[in-house]
Amino acid sequence: MEIFEEIEPLRAFLQGKRSALNSIGLVPTMGALHAGHLALIRACKAENEVTVSSIYVNPAQFNNQTDLDKYPRSLEADIEMLKAEGCQVLFAPQDTEMYSGKSLTFDFGSLDKVLEGEFRPGHFSGVALVVSKLFNIVQPDRAYFGQKDYQQFQIINQLKEELKFPVELHSVPIVREKSGLALSSRNQRLSDENKTQALFLYHSLTDAKDQILNGVPFAEIKSEVERRAKQNRGVQLEYFELANKNTLQPLEDLKDIHNGIILIAAFVNNVRLIDNILLEKKR
Ligand code: PAF
């Protein structure tokens, strides 16, 4: 695997690889890799001749300094995992390579005011900034993101449409532990007991999906989830919402239920976790 910390050598290398026959796929990550990331690498490798992964903990997308400081970092282990998966190129820059002090901000209208956007002001602007930089640096034909960050994918899609990035975006299904817990780099900060508590997220989603498909009004389901969260010492619920999967605005018309998605965010032992479930198909 070729490893680059600087933009110009990476660009020169990719220039040599780019041709009508070779497509370049990008898997942007913040490291602390797990099986969910490896599923992205595999999806990328299946469709592209060259797979580029990036590892960069992007300060611009953290609205909380402690969260940034505590974000798990394991570059050496990540490199071994990428090599084992057959990733050909890694871009792992330092902050000085990515940011020059000046900055840009983005506004995605209604899409970044709800859900994550409401609880993490500025987060999606920071994501859009770093993803724009990565798209400009790597100029991938395709880019791969996890469905766990569902709203992030919608934001990046809007970014691509507005800025005319010639890249095909792919969303890869959530990888879960056997228990149902969605894989996340942040799970490293959970004890076994915390992991059991964290199943609150998955169970709330799957129970709600069954209930909705059986005609139970969402308002009823939501107040029950809020009530259970209050009784659960380890869990602090931030939101639990039913939304239209394209606009992420609240889904009110039940005729539209097959375009629905339920999304949840909660702190478990001060670790912020998110998860979601689409309503389109039966489990
Ligand atoms: O999903 C992530 O890991 C990050 O938000 C991303 C897309 C790599 C941008 O920093």
Side-chain angles (χ1 to χ4, degrees), residues 4-5 7 10 25-41 43-44 51-64 67-75 77-78 81-82 85 87 89-95 97-99 103-106 108 111-112 115-117 119-138 140 142-160 163 165 167-175 182-189 248 263 265 271-276:
F4 297 91
E5 288 188 8
I7 295 168
L10 171 66
L26 173 65
V27 180
T29 82
M30 298 205 297
L33 302 183
H34 51 66
H37 295 112
L38 300 185
L40 301 180
I41 299 283
C44 183
T51 290
V52 181
S53 178
S54 62
I55 294 183
Y56 179 58
V57 182
N58 170 37
Q61 72 188 74
F62 285 81
N63 54 324
N64 176 327
D67 197 21
L68 172 61
D69 295 342
K70 288 201 170 161
Y71 200 84
R73 290 164 172 86
S74 52
L75 188 59
D78 292 347
M81 286 168 86
L82 290 173
E85 213 54 60
C87 177
V89 184
L90 169 63
F91 178 49
Q94 300 293 322
D95 288 343
E97 191 66 8
M98 294 300 276
Y99 289 98
S103 214
L104 296 173
T105 54
F106 290 79
F108 290 90
L111 195 55
D112 68 2
L115 304 163
E116 290 299 285
F119 287 90
R120 302 182 71 188
H123 167 65
F124 286 125
S125 179
V127 169
L129 183 57
V130 82
V131 170
S132 302
K133 287 174 192 257
L134 291 169
F135 283 174
N136 272 326
I137 295 164
V138 175
R142 303 188 181 90
Y144 297 79
F145 299 89
Q147 193 202 303
K148 185 167 71 67
D149 293 292
Y150 188 89
Q151 190 175 9
Q152 167 173 284
F153 189 81
Q154 301 303 108
I155 291 277
I156 295 170
N157 196 38
Q158 190 169 325
L159 179 76
K160 167 207 146 128
L163 296 186
F165 282 115
V167 59
E168 205 179 285
L169 299 181
H170 292 256
S171 172
V172 177
I174 301 176
V175 179
L183 295 194
S184 162
S185 304
R186 292 165 191 262
N187 292 359
Q188 289 187 16
R189 294 174 51 209
L248 291 180
L263 306 104
V271 180
R272 192 171 184 283
L273 302 175
I274 58 173
D275 201 349
N276 65 74

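Counting starts at 1 for both ligands and their atoms, following the listed order.
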Q. Under 3.5 Å, side chain of Asn157 to main-chain N/O of Leu169, donor-acceptor pair present?
A.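 No, because the side chain of Asn157 does not come within donor-acceptor range (under 3.5 Å) of the backbone of Leu169.
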
Q: Could you tell me whether the side chain of Asp112 and the main chain of Ile155 form a donor-acceptor pair under 3.5 Å?
A: no

Q: Enumerate the atoms of ligand 1 whose separation from the nearest heavy atom of Pro28 is less than 4.0 angstrom.
A: 8 (C)

Q: Enumerate the atoms of ligand 1 whose separation from the nearest heavy atom of Val130 is less than 4.0 angstrom.
A: 9 (C), 10 (O)

Q: Determine whether the side chain, the backbone, both or neither of Thr29 has a heavy atom under 4.0 Å from any heavy atom of ligand 1.
A: backbone

Q. Are Phe165 and Phe135 an aromatic pair by the rule of ring centers under 6.0 Å?
A.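 Yes - the distance between ring centres of Phe165 and Phe135 falls below the 6.0 Å cut-off.
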
Q.
Counting the benzene-type ring for Trp, do Phe124 and Phe108 have ring centres under 6.0 Å apart?
A.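 No; Phe108 has its ring centre 6.0 Å or more from that of Phe124.
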
Q. Is Glu97 paired with Lys133 through a side-chain N to carboxylate O contact shorter than 4.0 Å?
A. no

Q | Protein contact of atom 3 (O) of ligand 1 - nearest heavy atom, named by residue and atom, plus distance | A |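 Result: Met30 CG, 3.6 Å.
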
Q. For atom 2 (C) of ligand 1, what is the nearest protein heavy atom, given as residue, atom name and distance?
A.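 Protein heavy atom at minimum distance: Gln152 NE2, 3.8 Å.
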
Q: Using distance alone, determine whether Gln61 and ligand 1 share an N or O pair under 3.5 Å.
A: yes

